[in-house]
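The structure appears below as structure tokens.
All figures in this text were calculated on a predicted structure; none of them were measured in a lab. First the proteins, then the strands, lettered A, B, ... as listed; each starts at 1.
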Amino acid sequence: MARYEPKITEPRQQARWAEADAFSVSNEDTGRPKYYVLEMFPYPSGNIHMGHARNYVMGDVIARWKRAQGFDVLHPMGWDAFGMPAENAAMERGVHPGDWTYANIETMRGQLKLLGLSLDWSREIATCDPEYYGQQQGWFLELYKRGLVYRKEGTVNWDPVDNTVLANEQVIDGRGWRSGALVEKRKLTQWFLRITDYADDLIDGLKDLEGRWPDKVRLMQENWIGRSKGLQMKWAFAGTAPAGFEDGVEIYTTRPDTFYGASFLGLAPDHAISKQLADADPRVAEFVAECRKGGASQAEIEQAEKIGWDTGLKAIHPFTGEEVPVWIANFILSEYGTGAIFACPAHDQRDLDFARKYNLPVKAVVRPAEADDSFTVDTEAYTGPGVLFNSDFMNGMEIEEAKAAAIAKIEAAGTGKGATIYRLRDWGVSRQRYWGCPIPVIHCEDCGVVPVPSDQLPVELPHDVTFDVPGNPLDRHATWKHVNCPTCAKPARRETDTLDTFVDSSWYFARFTDPKAATPINPAAAAKWLPVDQYIGGVEHAVLHLLYARFITRALSDVGLMDVKEPFAGLFTQGMVVHETYYEGHEDSGKPRWVEPSDVQIEHVDGKRVARRLSNGAEITIGDIEKMSKSKKNVVAPADIIATHGVDAGRLFVLSDSPPERDVQWSAGGVEGASRFVQRAWAEFDAFDASAPANADVDASLIRETHKTIKAVSEGVEHFRFNSAIAKLYAFLGVLKDHAKAGGEAKKTALSVLARLVAPFTPHLAEEGWTRLGLDGMVLDAEWPQFDAALAADDQVIMPVQIGGKRRGEVQMPRGADNADVEAAALANATVKAYLEANNLTVRKVIVVPDRIVNLVAN
RNA sequence: GCGAGCGUGGCGAAAUUGGUAGACGCAACAGACUUAAAAUCUGUCGACUUCGGUCUUGCGGGUUCGAUUCCCGCCGCUCGCACCA
């Protein structure tokens, strides 16, 4: 028997698919239902790694499976091609970012094609292509016209390593999401997109995604948007008010029920009043400066002590008329709410810590239902449910009731009103970088901000730029920014900021529906294909890309460019590919020398795993299992696996070992197991003998097993349980082996089912098997097999007999047997009888779960 | 601190309306084939056992005829947010 040679068969089948142009899909109506499956497109960093491979293979399984079910499947691929690494390469190696990017795309496209993915390459796009970003500039100006884009001076997050501004979503633990540098605050005039206009809709829309998006991602978005309902109101000052605050100071609270526990007013150090006082008094200025010192990292915030400054100002309590002091406090954020609060120490831990430190009053106004009015608070604020007391008109009310009453009273007085505020900030999209989409506006001294006329789009990046000094190459380019104003023709200045690359990826899925359209989006094509039915990618984009894309989809629909609300009807977040690490030296000493897996051999000594370097035999340390990364050298390249085991084995392994949402641990043994599967499956196809006679007994059993397998694999694929589906396929191979004597139609059907069921996972093997069976055409065009429910279940079932919940015997019964018959059989069972007698038990009750189990309750 | 998820053999894991715990794979061990090794094939593979059984899904309780699954309380790990009023 010939060994299966992936090196020969895989290129052969890929050539057949290419010859047939099998994966190009038309926008014409075919009468078939549509299905759009998309994986998050890659940044062209240089190589396709195992993480990419797992992601795209998952998408390919879905795409091939849906195709077999008769759908028109759109499965495109492109490149998220703008971004900092290209500029870093330019700085380090003197190559042009564009040249570097396009060379990487070339390499990676070749690597992707090796994977045998059912991709429609005719729709390929790269976001750095002027054809793409020019259309992006087009819709950007549409949003500008509608007021969804604006420019303002504000405090922004400045990444001192990448020399650019970052959006809030891109700052993690106070550090740049890409560079890891500590982010600084700077005042700059920047472009913003009004994502906050959509805050409510973005939260409310999450409900419709229930069941199709992971709960975790929906929750993260909800928390990120951070909607809270409360009261915004002014507190008047007693005596002289700060200039401009004669009406009082505006505060925000979610706990208006605790008004009577108010102890002081707190202002953020950046609040306008704080600044005014700081300008007048150097001691205040010094205090404010002190507040700014604390960093933004976790540890620093946890340790940061609450500090305050008594301004000497007094504010008037809106209900009691009493005067309360006004403090500047470091724990109050200027960016949230109004940057000012009223503090109720008894029911807020931060306020309490502060009040205890500065000896401010602590008055409890909410008590647990079971406590009485003597309830007080010591060092722990009471934030639980309860009843109001010490609160005049609110006494006896529950918290929610009291909130409503307090808001109503303030609204009646006209000093404030109920308000909903959000944690979400508008999206700052200006980047002071070269390799991005130019913001298509011109600054004219006379006319102000002037959009570039549409007939002058795209605004293309200049090619001749230098990276020898820090800063924005566009800004220092000799000629590019000097243009004449489109309105008055006077000399003017082109905007030199480029757009955040997350803008590029916020609409690419729509562009894929007609990537050559003369407008950003072809409405008919978008209507045909959108939303994306199944989107697959990493969970790290839960509040970045996935939130931005939902926003842009809504915005583009609102300006009439398409008509879609949610871009991704279904989302799946897949786990990473991880690998053991190996090193010489001590990790603790800071200088581990990482060793590549290809240079490592694992031995078993006294039952323990010991690693040795192949090259010199030295014993080395086995480190943690971590995400594959170049820095730790625990990388296995897809191309190497393909060369040694073939694509199909690699595809099978990344899906077989762990549930798709969990990390999968790459192992040499694991992929060898997958490779064995491919060989064994081929052996079954290859052993097929069309002339072998039918064999009634064996065939009947094989038919049953075949239908069971169809059922299990179909359900596994449907519910993203690829590992379970593959386990069933392994088991089916065992069945085929056990039924070696089967013949005739039953055998042929079983094998043709095997070919179709493995096709999403190991498509090349499937085609080879299909051809070997003498079947026409390609598996690719074959229908997904259907199972017969009656045949997918055994006609005889083994039912365990439990006594008191412990298994004591079993009876074999026909499927669907009457409970009475089952009970009789169980009681008549010799083993069961013997046990009952030996333990002197009498059966009191019998529970029969049809086709499952019998439980005898006895004593 | 707040929120969410997870915890099952030596390892990755199955067991989705409460019904035979450990499917399938890896590793390991034994055997066959081989001059030998690899590959391949066959078998064993949760723990203890007086071979009758007993115990076993992080720990402790509870509900139930029956719990990996539901409830309560701990312990541990992972992820997200983090002074958000």
Heavy-atom pair with the smallest gap, counting every atom of A/P256 and A/L231: CB-CD2, 3.9 Å
Among B/C83, B/G66, B/G80, the one nearest A/M220 by side-chain distance: B/G80
Separation of A/L736 CG from A/T706 OG1 (nearest 0.5 Å): 7.0 Å
For atom CG of A/D270 and atom P of B/C83, their distance in whole Å: 14 Å
Test side-chain hydrogen bond (donor to acceptor under 3.5 Å, both in side chains) applied to A/T831 - qualifying residues, sequence neighbours left out: A/N829
Interatomic distance where CD1 belongs to A/I625 and P belongs to B/U78 [whole Å]: 13 Å
Test: A/E400 and A/K403 ion pair at under 4.0 Å: yes
Main-chain N/O of A/A381 paired to A/Q349 side chain as donor or acceptor, under 3.5 Å: yes
Over 12 foreign heavy atoms within 6.0 Å of NZ, A/K708: yes
Syn-anti status, with the boundary at 90° from 0, for the nucleotide B/G9: syn
Toward the 5' end of RNA chain B, by each residue's nearest nucleotide, A/S228 or A/L856: A/L856
Partner set under side-chain contact (heavy atoms from CB on, under 4.5 Å) for A/D215, not counting sequence neighbours: A/R218
Check ion pair A/K711-A/E715 (N to O, under 4.0 angstrom): yes
Atom pair distance, as rounded to whole Å: CG in A/D257 and P in B/A85: 13 Å
Nearest-Å distance once atom P is located in both B/G25 and B/G43: 12 Å
Measure all distances between protein nitrogen or oxygen atoms and nitrogen or oxygen atoms of nucleotides 47-55 of chain B, and list the pairs falling under 3.5 Å.
residue	atom	partner	partner atom	Å
B/U54	OP1	A/R808	NH1	3.4

Nearest-Å distance for atom pair CD1/C1', residues A/I251 and B/C84: 14 Å
Set of residues satisfying ring pair (Phe, Tyr, Trp, His ring centres under 6.0 Å) with respect to A/Y582, sequence neighbours excluded: none
Partners passing side-chain contact (heavy atoms from CB on, under 4.5 Å) against A/T420 (at least two apart in sequence or in another chain): A/R227, A/K229, A/Y422
Per-nucleotide protein contact string for nucleotides 22-28 of chain B, where B marks a base within reach and S marks sugar-phosphate only (heavy atoms under 4.0 Å, - for neither): -BSSSSS
Nearest-angstrom distance, P atom, B/U64 to B/G22: 27 Å
C1'-based separation of B/G66 from B/G76 [nearest Å]: 29 Å
By side-chain contact (heavy atoms from CB on, under 4.5 Å) - contacts of A/P660 (at least two apart): A/M58, A/F572, A/F722, A/N723
Spacing between A/K737 atom NZ and B/U40 atom C1', to the nearest angstrom: 9 Å
Pairing pattern in dot-bracket form [Watson-Crick, G-U; both distances under 3.5 Å; | = partner strand] for RNA chain B: (((((((..(((......[....))).(((((.......))))).(((....)))..(((((..]....))))))))))))....
Proximity to the side chain of A/Y252 - top-ranked nucleotide from B/A14, B/U20, B/A85: B/A85
B/G7 to B/C74 separation - C1' atoms, rounded to the nearest Å: 14 Å
Positions of residues 333-354 of chain A (non-hydrogen atom under 4.0 Å from RNA chain B), listed by number: A/L333, A/Y336, A/I341, A/R350
A/R815 atom CZ, over 12 foreign heavy atoms within 6.0 Å: yes
Value in whole Å for how far the P atom of B/A85 lies from CD1 of A/I332: 13 Å
Residue pair A/V671, A/W666: steps toward the side chain to side chain contact (heavy atoms under 4.5 Å, CB included) verdict: CA-CA 8 Å; A/V671 73; A/W666 185 270; 3.9 Å; yes
Touch class at under 4.0 angstrom, heavy-atom based, for A/R844 against every strand present: nothing
Test side-chain contact (heavy atoms from CB on, under 4.5 Å) applied to A/L544 - qualifying residues, sequence neighbours left out: A/E169, A/Q170, A/F502, A/H541, A/Y548
A/R550 side chain to A/L202 backbone, donor-acceptor under 3.5 Å: yes
Contacting residues from residues 811-826 of chain A, given that a heavy atom lies under 4.0 angstrom of RNA chain B: none
B/G5 phosphate, OP1 or OP2, under 4.0 Å from A/R662 side-chain N/O: no
Whole-Å distance separating the CZ atom of A/R423 from the P atom of B/C81: 8 Å
Residues in contact with RNA chain B, drawn from residues 848-855 of chain A - heavy-atom cutoff 4.0 Å: A/V849, A/R852, A/I853, A/N855
Heavy-atom neighbours of A/K357 NZ exceed 12 at 6.0 Å: yes
Closest approach of A/P800 to A/R807 (non-hydrogen atoms, all atoms of both residues): CB-NE, 3.9 Å
Nearest-0.5 Å distance, CZ of residue A/F354 to CD of residue A/E305: 11.0 Å
Nearest-0.5 Å distance, NZ of residue A/K627 to OG1 of residue A/T581: 15.0 Å
Atom C1', compared across B/A67 and B/C51: separation rounded to whole Å: 29 Å
Minimum heavy-atom distance A/L765-A/D648, with the two atoms named: N-OD2, 2.8 Å
B/G61, syn or anti by chi within 90 degrees of zero: anti
Between B/U8 and B/A15 - C1' atom distance, rounded Å: 10 Å
A/L424 CG - B/C84 P separation (whole Å): 17 Å
5' precedence on RNA chain B between A/R255 and A/I847 (nearest-nucleotide basis): A/I847
